[in-house]
Asker: 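The structure is given below, and queries will be raised subsequently.
Nothing here was measured: the structure is a model prediction, and the numbers come from that model. Atom set for the values below is all heavy atoms of this structure, side chains included, hydrogens, waters and symmetry mates excluded.
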Amino acid sequence: MVVDDQAMVRAGVCAIVGSQADLTVVAEAADGATALTMAAEARLDVVLMDVRMPGMDGLTATAQLTAADPAPRVIVLTTFHQDAYVYQALKAGASGFLLKDSDPATLVAAIRTVAAGEAMLSPAVTKRLIDAFATGVVSSANQDDPRLARLTPREREVLTELAKGLSNAEVGAALGIGAGTVKAHVNALLPKLGARDRVQATIVAYDLGLARPRV
């Protein structure tokens, strides 16, 4: 489903998605409330969600969509450098983000990646989140959080590296372990944190104080 209050944006995204043999747009919406109604009537795998819309915004709609069972995966569409709600959208359950001026190949790849259960978390997103903590937009550190006690020392290390936007191979190189071992640790720590994917885990890492901004 494509959710955006700009008809031309929706049309463009639908055209790109519709050109792919394995992807189909099954619904369109111009606001969050309409998106929720349509989501209840259609089987959705991925939702491309604008943040700023009249009526119910994308942040509220994302939180409600991802709380459903089964829940579609949500990719936030944003003009990232202007959008102060990206952190909140990811925390609400979005599995990633795309800039509205992304090229068609990036859009298609993002949809497939998220549909496969992975998350879209690029170094650019990580930097933006770090900047948010550094400027006080988001509060950090909660050492009393019980989720910390659920993690093994190695899982904490993996999560800390993961929060830098590193791939499994890069995390493995940093910690001196194999990528397969990193994947196993990630799969183990996600349910302990109540996180669905790497994006959610990164958000939790900052909430727990395991990752901090470089200032």
Side-chain angles (χ1 to χ4, degrees), residues 1-20 22-40 42-53 56-129 132 162 165 167 190 195-204:
M1 178 166 62
V2 179
V3 186
D4 198 295
D5 62 322
Q6 298 182 42
M8 289 186 66
V9 173
R10 293 199 310 274
V13 172
C14 289
I16 293 170
V17 175
S19 69
Q20 304 299 306
D22 60 330
L23 302 177
T24 303
V25 176
V26 297
E28 297 179 44
D31 59 74
T34 304
L36 293 178
T37 299
M38 290 186 169
R43 181 186 178 280
L44 302 174
D45 296 308
V46 177
V47 176
L48 296 174
M49 178 73 73
D50 187 22
V51 175
R52 297 176 178 178
M53 295 179 290
M56 182 183 292
D57 62 24
L59 179 63
T60 302
T62 293
Q64 294 191 36
L65 282 172
T66 58
D69 186 19
R73 311 276 289 183
V74 177
I75 299 175
V76 174
L77 294 172
T78 179
T79 50
F80 196 69
H81 62 287
Q82 298 177 343
D83 198 336
Y85 301 107
V86 172
Y87 171 85
Q88 290 89 339
L90 293 175
K91 195 169 185 179
S95 294
F97 88 104
L98 276 180
L99 295 176
K100 284 190 175 181
D101 60 0
S102 296
D103 60 74
T106 299
L107 172 64
V108 170
I111 294 171
R112 291 184 178 130
T113 297
V114 169
E118 297 296 326
M120 291 295 295
L121 183 60
S122 70
V125 181
T126 303
K127 181 181 184 302
R128 193 68 177 188
L129 293 176
L162 199 69
S167 66
L190 289 179
R196 295 188 307 161
D197 51 42
R198 298 165 72 96
V199 168
Q200 293 289 298
T202 295
I203 297 297
V204 174

Asker: Looking at side-chain heavy atoms only, is the closest gap between Val26 and Met38 below 4.5 Å?
Answerer: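 Of all side-chain heavy-atom pairs linking Met38 with Val26, none is under 4.5 Å.
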Asker: Minimum heavy-atom separation for Ala30 and Met53, please, with both atom names.
Answerer: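 The answer is O-SD, 3.8 Å.
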Asker: Verify side chain to side chain contact (heavy atoms under 4.5 Å, CB included) between Leu59 and Met49, making sure each step is shown before the conclusion.
Answerer: CA-CA 9 Å; Leu59 179 63; Met49 178 73 73; over 6 Å; no
Asker: I need the minimum non-hydrogen distance between Asp31 and Val3, along with the two atoms involved.
Answerer: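 What the structure gives for the nearest pair is O-CG1, 3.9 Å.
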Asker: Less than 4.5 Å apart, any side-chain heavy atom of Val76 and any of Leu48?
Answerer: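 Result no, sub-4.5 Å side-chain heavy-atom pair not found.
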Asker: If I take atom CG from residue Leu44 and atom CG from residue Leu65, how far apart are they, to the nearest 0.5 angstrom?
Answerer: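 Going from CG on Leu44 over to CG on Leu65, the span is 8.0 Å.
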Asker: How close do Ala201 and Ala195 get, heavy atom to heavy atom, and via which atoms?
Answerer: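 So the minimum-distance heavy-atom pair works out to N-CB, 3.7 Å.
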Asker: A side-chain contact here means heavy atoms from C-beta on lying under 4.5 Å apart; do Val74 and Thr66 qualify?
Answerer: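 When only atoms from C-beta onward are counted, Thr66 and Val74 do touch, with a gap below 4.5 Å.
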Asker: Is a salt bridge present between Asp5 and Arg10, judged by a nitrogen-to-oxygen distance below 4.0 Å?
Answerer: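 Result for this pair is no, no salt bridge flagged.
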Asker: Measure from the side-chain N and O atoms of Thr60 to the backbone N and O of Met56, and report whether any donor-acceptor pair falls under 3.5 Å.
Answerer: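 It does not hold such a pair.
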Asker: Restricting to side chain to side chain contact (heavy atoms under 4.5 Å, CB included), what partner residues turn up for Leu98, sequence neighbours left out?
Answerer: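 Listed in chain order: Ile75, Leu77, Ser102, Thr106, Leu107, Ala110.
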Asker: For the pair Arg198 and Leu190, evaluate side chain to side chain contact (heavy atoms under 4.5 Å, CB included) and give the outcome as yes or no after the intermediate values.
Answerer: CA-CA 8 Å; Arg198 298 165 72 96; Leu190 289 179; 5.7 Å; no
Asker: Within the 4.5 Å heavy-atom criterion, are Met1 and Pro72 side-chain neighbours or not?
Answerer: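 No, every pair of side-chain atoms sits at 4.5 Å or beyond.
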Asker: Return the minimal non-hydrogen interatomic distance between Gly32 and Ala61, and the atom names on each side.
Answerer: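 Closest approach of Gly32 to Ala61, heavy atoms only: CA-CB, 3.7 Å.
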Asker: So do the side chains of Thr24 and Val17 get within less than 4.5 Å of each other, counting heavy atoms only?
Answerer: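 Result no, sub-4.5 Å side-chain heavy-atom pair not found.
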Asker: Please assess Asp50 against Val9 for the test side chain to side chain contact (heavy atoms under 4.5 Å, CB included), listing each intermediate value before the final yes or no.
Answerer: CA-CA 10 Å; Asp50 187 22; Val9 173; over 6 Å; no
Asker: Examine distances only and state if a side-chain atom of Arg73 and a backbone atom of Val46 form a donor-acceptor pair shorter than 3.5 Å.
Answerer: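 Pair absent, no side-chain N/O of Arg73 close to backbone of Val46.
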Asker: Considering all heavy atoms of both residues, which atom of Val2 and which atom of Cys14 are nearest to each other, and what is their separation?
Answerer: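 Closest approach of Val2 to Cys14: CG2-SG, 3.9 Å.
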Asker: May I ask you to test the Asp4-Val13 pair for a side-chain heavy-atom distance under 4.5 Å?
Answerer: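 No - every pair of side-chain heavy atoms lies 4.5 Å or more apart.
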Asker: State, to 0.1 Å, how close Ile16 and Gln20 come at their nearest heavy-atom pair, and which atoms those are.
Answerer: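 For Ile16 and Gln20, the tightest heavy-atom pair comes out as O-CG, 3.8 Å.
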